[in-house]
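Positions are given from 1 along the sequence. Computed from a predicted model, the values in this text were never measured in an experiment.
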Amino acid sequence: MSFFSTTYDVIVVGGGHAGSEAAAASANMGAHTLLITMSLQNIAQMSCNPAMGGIAKGQIVREIDALGGYSAIVTDKTAIQFKMLNKSKGPAMWSPRAQSDRMRFAEEWRNMLEHTDNLDFYQDSVNGLLFDGDTIIGVKTALGLEIKAKSVILTAGTFLNGLIHIGDKTFGGGRAGESASTGITEDLVAKGFESGRMKTGTPPRVDARSLDFSKMTEQPGDENPQKFSYSPTTKPLTKQRSCYLTYTNPEVHKLLREGFDRSPMFNGRIQSIGPRYCPSVEDKIDRFASKERHQMFIEPEGWNTVEIYVNGFSTSLPEDIQDKAIRLVAGFENVKFLRYGYAIEYDYFPPTQLTHTLETKMIKGLYFAGQINGTTGYEEAGSQGLMAGINAALKIQNKEPFILKRNEAYIGVLIDDLITKGTDEPYRMFTSRAEYRTLLRQDNADLRLTPRSYEIGLASQDRMDRVIVKKEKTALLVDFLNKFSVKKEIINPVLESKNLALVSQSMKLFKIATRPQLSFNDLLVIPELKAFISENNMEPDVIEQAEIHLKYSGYIEKEKNNADKLNRLESVSIPSNFEYDKLQSISFEAREKLNMIKPTSISQASRISGVTPSDISVLLVYMGR
C-alpha cells in the first residue's frame, strides 16, 4: 500500500520513548498507525542514563505497564540491576529502579513494535505539517512526501531546532551523531502556537577498562530483586551488575571553574533553562559553592560493554577541561573517554496549549507528547506517549476520551500539572507533586489502572483476570487475619525477639500484624498462617497488598475521603466558551489565566497559579453552586 494513497488513522512523529509508547498504544487500540523516525536503528534509544524508574518515575513505569504499555516489559527483559528505593520509608515512597542494557533495550523495543499489529514504520525526517483550517490532515517529509492522517502525535524529543554545545563549539543536532529537525516549529508558530527553548545535558561516556574500581564504593542491586511488569511473561534477575560510587573534590571544582569563561552556560551562549533537579556539574559547583564534593555514580551501559555512564558529571565544558578535571576524581586517574559530555538546546511548546487528552486546543487531531511539552525523563515521556496514543485512537473511533485524575495515577498528576500550571523549566516527576501518594503506590498500579484500561480495550483479558485474582486473594487473606486468633505461646517469642510488648492472651492476628516493627515475614512462624498462604497459592504481591492494607488502612481511607471531595469539584464542569471577562469580582491575573488555560472543571481552575480561593468562590456562585 503506497503512502500516496493511504490515509493513516494516526501518524506518530519521532521514535523515542514517547513515540514508541504512542505508536504501540494507538495500534493496539485498533488504529492504523505509522511511526516516522529519522533512524529506525535508534528507536527508543536511551539518550541519557541507562536506567528506568527511580523516585516517582518507578511508579509511572508500573502505571504504564498496568495500562498495557511496553516500557516495563522491555525494562525487565533488558535489566542488569534492580533496586527498590526508599524501603526504609512507608510504601507510598517505595520506588523501583533498574539499570538497563542500553543496546538490548532499544533492540527489545523495536522487536516488540515490529510484532504489533496495525503498525507501519517509515524512516524519514518530518519537516512540515499539513492543515485544513484548524484540523491536522498529515505531514510533509524531507523527501517531499505528503502523508495523510486523521491525527498526528508529535514526539520530537530534543530534535526540534536542536543545538549541541561543547565548550565554545556549537553545531546543529538532536543527539550526538544525529541531525536536528527543522520546519515543524515554524509551521506551528505560523498557526499561532507559542514556543520556547529548553536545555538538557549529558555526561561523558568512558572506558571501564581505564577505571580503578578499587578506589570506589560498590553499589550492588537488591539481594532479592523484584521486577517492573505485572505480567508473568517477565522474571526477576538471577544475576546483576554492580554500579559504583565516587566523588568530586575541591581540586576538581577548582579546575572546572577555570573553564567557566569558555562554558556556554556562563558566557551567554545558552540562554534557555536546564533541569533544576539534574544540574550540570558546573551548575552544581556554582550554586552549591560551599559543598566540597558531589556524588558520581558509575553506571555500566550493559552486560558486555566497556562503556560507562558517569552519572553526576553532566557538562558542556570544553573537552580539555572535562579531561583534566575528571582525572582528579578517585578511580579516574587513567580514564579514557569514549565521548565527551555536551549540552543541547531545543524547542518546546508550553503545555498550557493542550487539553487533558494532550490534544492541542488550536488544532484538532494534533497531539504533543514528551519533551516537546517541557518534561524531562524517559518515564514522563513514555506515559505521555501512551496517553496521547490512546486518546488519538479513541477520538478516531468517536469514543469518550481517556483521562486519569490526580487521585488515580501519577500520570494524571503529570498531565494535570503540565496543562494547568505549565512549565518554564524541564518538568520532572517527584512523589511530593502528588497530594494522594498513599493511594498512588507502585504496588497497586494494576489494581488502580488495569480495569480502566480493560474498559477501553487496551489491557488484555489475561491482565484483567490476574487483577481480579489478586484482589480476591488479598481480601481472602485480610479476612483470615481479621478472624484468626493466635495463641500467646506462639506469638510471644516473635514479639520478644523484636523487643516488643508481649500479649497476655490469645489475640486476633490482624492486631498483631498492624504493629509497625513487625513485617509479614516475622509472622510466618505461625503454622496456620503459613498453611493458609500455601493452600491458596498466594504470591508475594498478594501478601504485600494485605500487609499494606492492615498497616496503612487509616491513612488510605483518609486520602480516599479527601480525593472524593476533590472529585465533587471535578464534577462541576465549566463550558469551553465560558466568558470570564464578565466576572468583574475576580482578579485581573485570574481572569487572564482562566482565559488562557480554559479549565474544564472548578477543580482544575483551583489549581491554576494565580487563581485564589476567593476567585473560585465567585465562579461557584456565578454557576449557581
Close side-chain approach of [X] to [Y], heavy-atom, < 4.5 Å:
X	Y	answer
Met216	Leu245	no
Glu408	Arg452	yes
Ile184	Leu154	yes
Arg197	Asn161	yes
Leu34	Phe121	no
Pro300	Gln81	no
Leu458	Leu386	yes
Val139	Val152	yes

With [X] as the cation and [Y] as the aromatic partner, state whether NZ or CZ is under 6.0 Å from the six-membered ring centre and within 45° of the axis.
X	Y	answer
Lys239	Trp303	yes
Arg293	Tyr247	yes
Arg205	Tyr309	no
Lys87	Trp94	yes

What's the shortest heavy-atom distance between [X] and [Y], and which atoms?
X	Y	result
Ser181	Ser125	OG-OG, 4.4 Å
Leu440	Arg406	CD1-O, 3.5 Å
Gln123	Leu40	OE1-N, 2.9 Å
Ser100	Met52	OG-CG, 4.3 Å
Glu379	Val61	CG-CG2, 3.5 Å
Pro318	Arg262	CB-NH2, 3.3 Å

Flag for [Y]-[X]: side-chain donor and acceptor within less than 3.5 Å:
X	Y	value
Ser280	Ser314	no
Thr141	Asp124	yes
Asn49	Glu299	no
Thr185	Asp347	yes
Ser214	Asp212	yes
Thr170	His165	yes
Asn334	Ser210	no
Ser242	Gln219	no
Ser95	Gln59	yes
Asp443	Gln545	yes
Asn249	Glu292	no

Between Glu333 and Arg327, is there a salt bridge with N-O shorter than 4.0 Å? no

Would you call Asp446 and Lys470 a salt bridge, using N to O less than 4.0 angstrom? yes

Aromatic ring proximity, centroids under 6.0 angstrom, Phe228 and Phe82: yes

State yes or no: are the ring centers of His17 and Tyr70 separated by less than 6.0 Å? no

Distance, nearest 0.5 Å, that separates [atom1] of [X] from [atom2] of [Y]:
X	Y	atom1	atom2	answer
Tyr427	Glu425	OH	CD	11.0 Å
Gln226	Asp541	CD	CG	9.5 Å
Glu282	Lys284	CD	NZ	10.0 Å
Thr202	Arg339	OG1	CZ	6.0 Å
Phe332	Phe313	CZ	CZ	8.5 Å

Partners meeting ring pair (Phe, Tyr, Trp, His ring centres under 6.0 Å) with Tyr244 (sequence neighbours left out): Phe213

Taking ring pair (Phe, Tyr, Trp, His ring centres under 6.0 Å) as the test, write out the residues that go with Phe337, two or more places apart. Tyr340

Which residue is it: Asp417, Leu418, Asp416? I am looking for the one with a side-chain contact (heavy atoms from CB on, under 4.5 Å) to Leu414. Leu418

Let me know which of Gln442, Glu63, Arg433 forms a side-chain contact (heavy atoms from CB on, under 4.5 Å) with Tyr410. Glu63

With sequence neighbours left out, write down each residue that passes side-chain hydrogen bond (donor to acceptor under 3.5 Å, both in side chains) with Asp222, or none if nothing qualifies. none

Taking only residues two or more places apart in sequence, or in another chain, which ones meet Gln371 in a side-chain hydrogen bond (donor to acceptor under 3.5 Å, both in side chains)? none

Give a yes or no on whether Asp323 atom CG has more than 12 heavy-atom contacts from other residues, nucleotides or ligands under 6.0 Å away. yes

Could you tell me which residues satisfy salt bridge (charged side-chain N to carboxylate O under 4.0 Å, His left out) with Arg437, sequence neighbours excluded, listed by chain and number? none

How far apart are the C-alpha atoms of Arg175 and Tyr342, what are their side-chain angles, what is the distance that settles it, and do they pass the side-chain contact (heavy atoms from CB on, under 4.5 Å) test? CA-CA 10 Å; Arg175 191 161 49 201; Tyr342 63 87; 3.9 Å; yes

Show your reasoning for whether side-chain contact (heavy atoms from CB on, under 4.5 Å) applies to Glu380 and Arg428. CA-CA 7 Å; Glu380 290 90 340; Arg428 180 180 178 183; 3.8 Å; yes

In this structure, which one of Arg448, Arg463, Lys227 forms a salt bridge (Lys or Arg N to Asp or Glu O under 4.0 Å) with Asp65? Arg463

Would Thr246 and Thr217 count as a side-chain contact (heavy atoms from CB on, under 4.5 Å) here? Give the steps. CA-CA 7 Å; Thr246 187; Thr217 305; over 6 Å; no

Candidate list His294, Lys291, His253, test side-chain hydrogen bond (donor to acceptor under 3.5 Å, both in side chains), partner Thr248, passing option: His253

Could you list the residues that satisfy side chain to side chain contact (heavy atoms under 4.5 Å, CB included) with Ala79, not counting sequence neighbours? Ala98, Leu237

Please check: side-chain N/O of Thr75 versus main-chain N/O of Ser71, any donor-acceptor pairing under 3.5 Å? yes

Take Ile372 and Tyr348, measure what side-chain contact (heavy atoms from CB on, under 4.5 Å) needs, and give me the verdict at the end. CA-CA 4 Å; Ile372 193 172; Tyr348 86 105; 5.5 Å; no

